[in-house]
There are 2 protein chains.
Amino acid sequence: MSDCASCAVRCRAICASLAVDEAAELGRMGRRQRVKAGHTLLWEGDEAPTVANVLSGVLKLVVATADGREQIVGLVFPSDFIGRPFAKQSPYRVTAMTDAEVCIFNRQQFDDFAGRHPHLQQKLLHRTLDELDRARHWMMLLGRKSASEKVASFLLDMEERLPGDPGGGSGGFELPFGRQQIADILGLTIETTCRQLTRMRSDGLVDLPSRRAVRINDRARVAAMAG
Amino acid sequence: MSDCASCAVRCRAICASLAVDEAAELGRMGRRQRVKAGHTLLWEGDEAPTVANVLSGVLKLVVATADGREQIVGLVFPSDFIGRPFAKQSPYRVTAMTDAEVCIFNRQQFDDFAGRHPHLQQKLLHRTLDELDRARHWMMLLGRKSASEKVASFLLDMEERLPGDPGGGSGGFELPFGRQQIADILGLTIETTCRQLTRMRSDGLVDLPSRRAVRINDRARVAAMAG
DNA sequence: CGTGCACTTGACAGTCATCAACTTTGGTGG
DNA sequence: CCACCAAAGTTGATGACTGTCAAGTGCACG
């Protein structure tokens, strides 16, 4: 059983839509679980999967071809929701990119609970609609943008979305993953991704103080570059 | 006001979740409207937009860059839902690909109504989750598949999704749009799309009896080609 | 201090976009 | 019914971009 009172994302997660007693009932169904970086929580096509809230860490949603190519189709941050309610199979793989902590529910139980709590469903609907908008805009990037536009768009998106940006925006930010993962997000190879970053650094658009740190120097030009 | 009793998609649209009197109330809010092929129903960034059910025809959801490149991010068929509930702006352009007929609602009114009718919201949630799954799988295609894989995947997807497949599956099907649109769906140019189709025809995988008609001869090989 | 892994850089090749010309289709009017 | 026209589709030549393969660098770890 989860200890909702101490939950770091209590205010932002879908649970926030519930009254105290309702939250308590849901809490009894949930279980906290740690996931190590690189560990997979849900496999594509998994039967009888679970759903979960993310408490900390970053996870990725991955779709892969038979021959091993991977495309990251979504990033999941703290307070975000994981899993596929109302379906027997998970449509994609969910893997932790950093050490993470999640609050897990049995899907069947969760579905039943959701059916009895319209507010929870409404929250879920809002989130799903937002995710759909994000996914569709990403489709534009994947289908129509060049490598340089992709990388520029990516950096702007990450600056905006990454939680706990230390230094408050002007101090740059720290990516929670490496070059290969960036490539898998953008539909590029690691080499192309790398070259674009190097060029942006030589052009003075960004600083790359360490492997995973990024600081955008000229936001206007990066935005122009993003198309 | 719509005449729900004569609605062609009454059983399949989200309205099907409502009781008779509820449906009547919703019906009083809706208005039937014809949209000609090529006409745009909703512009990206539109304020105060509407939502709608599709009664007949096919529409596309489009995201465009400033310099005019377009990516089709979704296709909308009869009984599908159009628009963005609970948001002020439409996140993408909605354009009719064929002559179409839709049942339009004022978004604000619809949102209010949905808030009072959990069953409708649940139906909407289910649909949105399905759309999200579809969009994410399409991201894999856009980001990681080659031109030939894209075209093969496209044909299989269309064969499955197209309504009113005359001849019951073995007789092939008729695309509701031209080559440029296929290219915009797949993130390719029209020339590349065309060449791939020509090659598939020469290889005997498909017949292309007319501009828009397709017949898959060797489904297994097309599926293998789709990756 | 050495080892391994992530990252970077380079050379080359293939795929797909671009530009251009040509063909077919479908519609219109004589 | 046929001729003509515009739009859609097809084909070809060429080149840019990005993927592939390979080697090298630098950082973190033991």
Side chain A:Lys123, main chain A:Cys15, donor-acceptor under 3.5 Å: no
Inter-residue atom distance A:Leu61.CG - A:Ile82.CD1, 0.5 Å rounding: 7.5 Å
Rounded (10°) bend between the five-pair end axes of the helix from C:dC1-D:dG30 to C:dG30-D:dC1: 40°
Any donor-acceptor N or O pair under 3.5 Å, side chains B:Arg31, B:Gln33: yes
A:Gly57 backbone acceptor or donor facing A:Glu101 side chain under 3.5 Å: no
From D:dT10, C:dA17, C:dC7, nucleotide with atom closest to A:Arg179 side chain: C:dC7
Name every donor-acceptor pair, under 3.5 Å, that has one atom in a side chain of residues 38-50 of chain B and the other anywhere in the protein, sequence neighbours excluded.
from: B:Thr40; atom 1: OG1; to: B:Thr95; atom 2: OG1; distance (Å): 2.9
from: B:Asp46; atom 1: OD2; to: B:Trp43; atom 2: N; distance (Å): 3.1
from: B:Glu47; atom 1: OE2; to: B:Gln89; atom 2: NE2; distance (Å): 2.9

Identify each donor-acceptor pair in which a side-chain atom of residues 186-195 of chain A lies under 3.5 Å from a protein atom, sequence neighbours left out, and give them as a table.
from: A:Thr189; atom 1: OG1; to: A:Thr192; atom 2: N; distance (Å): 3.3
from: A:Thr189; atom 1: OG1; to: A:Thr192; atom 2: OG1; distance (Å): 3.1
from: A:Thr193; atom 1: OG1; to: A:Thr189; atom 2: O; distance (Å): 2.8

Within residues 198-213 of chain B: residues closer than 4.0 Å to DNA chain D (heavy atoms): B:Thr198, B:Arg211
Whole angstrom value for the distance that separates C1' of D:dG19 from CD of A:Gln196: 13 Å
Nearest-Å distance for atom pair CG/P, residues A:Leu197 and C:dC7: 11 Å
Rounded interatomic separation in angstrom, taking CD from A:Gln180 and P from D:dG19: 11 Å
Interatomic spacing from OG in B:Ser90 to CZ in B:Arg84 - rounded to 0.5 Å: 9.5 Å
side-chain contact (heavy atoms from CB on, under 4.5 Å) partner of B:Lys60, chosen from B:Val94, B:Val76, B:Ile72: B:Ile72
B:Leu162 to B:Pro176 - nearest heavy-atom pair and separation: CD2-CD, 3.7 Å
Spacing of A:Leu188 atom CG relative to D:dT20 atom C1', expressed in whole Å: 14 Å
DNA chain D-proximal residues of residues 135-158 of chain A, any heavy atom under 4.0 Å: A:Ser146, A:Ala147
Min side-chain heavy-atom separation B:Arg136-B:Glu131 under 4.5 Å: no
Check: A:Val214 and A:Phe154 side chains under 4.5 Å, non-hydrogen atoms: no
Check: B:Thr128/A:Arg127 side-chain N/O donor and acceptor closer than 3.5 Å: no
N/O (side chain, A:Thr189) to phosphate O (OP1/OP2, D:dT18) under 4.0 Å: no
Ring centres under 6.0 angstrom apart (B:Phe105, B:Phe81): no
B:Ile190 CD1 - C:dA21 C1' separation (whole Å): 15 Å
Under 3.5 Å between N/O atoms: give me all the protein pairs with nucleotides 21-25 of chain D, atom names plus distance.
from: D:dC21; atom 1: N4; to: A:Glu191; atom 2: OE2; distance (Å): 2.9

